[in-house]
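Step one of this worksheet: look at the structure below.
Note: hydrogens, waters and symmetry copies are ignored here, and every other heavy atom, side chains too, is used. Remember, it's 1-based here, ligands and their atoms both numbered in the order they're listed.
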Amino acid sequence: MTTENNTIFGKIIRGEVPSEKVYEDDDVLAFKDLNPTAPVHILVIPKKYIVNLFDVEEEDAELLGKLLLVAGKVASEQGLEEDGFRTVINNGAGVGQSVFHIHVHILGGRDFSWPPG
Ligand code: 5GP
């Protein structure tokens, strides 16, 4: 696992880059996506540096669960319970991961097609 987090999300966690936070605790941070692709587009990240799901260890199981707990809570607070929301984790550049610090996209407030593109 990489130890130095030079990603933009590492900078957001350390407060070196501003973000519009909607949730924060000791382990998890959620903030609005800078270039939203839906009326609600929020990113949920662990403060621990994890690149993506190929980089997780047994000891991360609880933390990964917490990301989803926070995702549900944030989506509810954003008023998405009636229409629902989509979660996305891109794992690897080949499927669109552009920031290599794991993040759960929360997307809502518009129509979504299936299967996803
Ligand atoms: P990925 O393509 O890795 O799944 O998603 C990365 C997301 O991070 C993109 O939706 C992009 O808009 C968002 N993003 C990139 N840089 C920043 C930033 O500096 N601040 C915020 N809030 N979002 C960012």
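Dense packing is recorded around CD of Glu16, with more than 12 heavy atoms of other residues, nucleotides or ligands lying under 6.0 Å away.
The one candidate from Asp60, Val28, Ile102 that meets the side-chain contact (heavy atoms from CB on, under 4.5 Å) condition with Lys48 is Asp60. Of the options Ile13, Ile50, Thr7, a side-chain contact (heavy atoms from CB on, under 4.5 Å) to Ile45 is made by Ile13 and by none of the others.
At a cut-off of 3.5 Å, with distance as the only test, no side-chain donor of Gln97 or Asn91 sits close to an acceptor on the other residue.
To the nearest 0.5 Å, atoms CZ (Phe112) and CG (Leu107) are separated by 5.0 Å.
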Worksheet entry | CA sep, side-chain torsions, deciding dist, call: Arg14, Asn5, side-chain contact (heavy atoms from CB on, under 4.5 Å) | CA-CA 10 Å; Arg14 294 192 294 271; Asn5 188 351; 4.1 Å; yes
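Ordered by chain and residue number, the residues placing a heavy atom less than 4.0 Å from ligand 1 are Ile8, Phe9, Ile12, Phe31, Lys32, Asp33, Leu34, Asn35, His41, Leu43, Asn90, Gly96, Gln97, Ser98, Val99, His103, His105.
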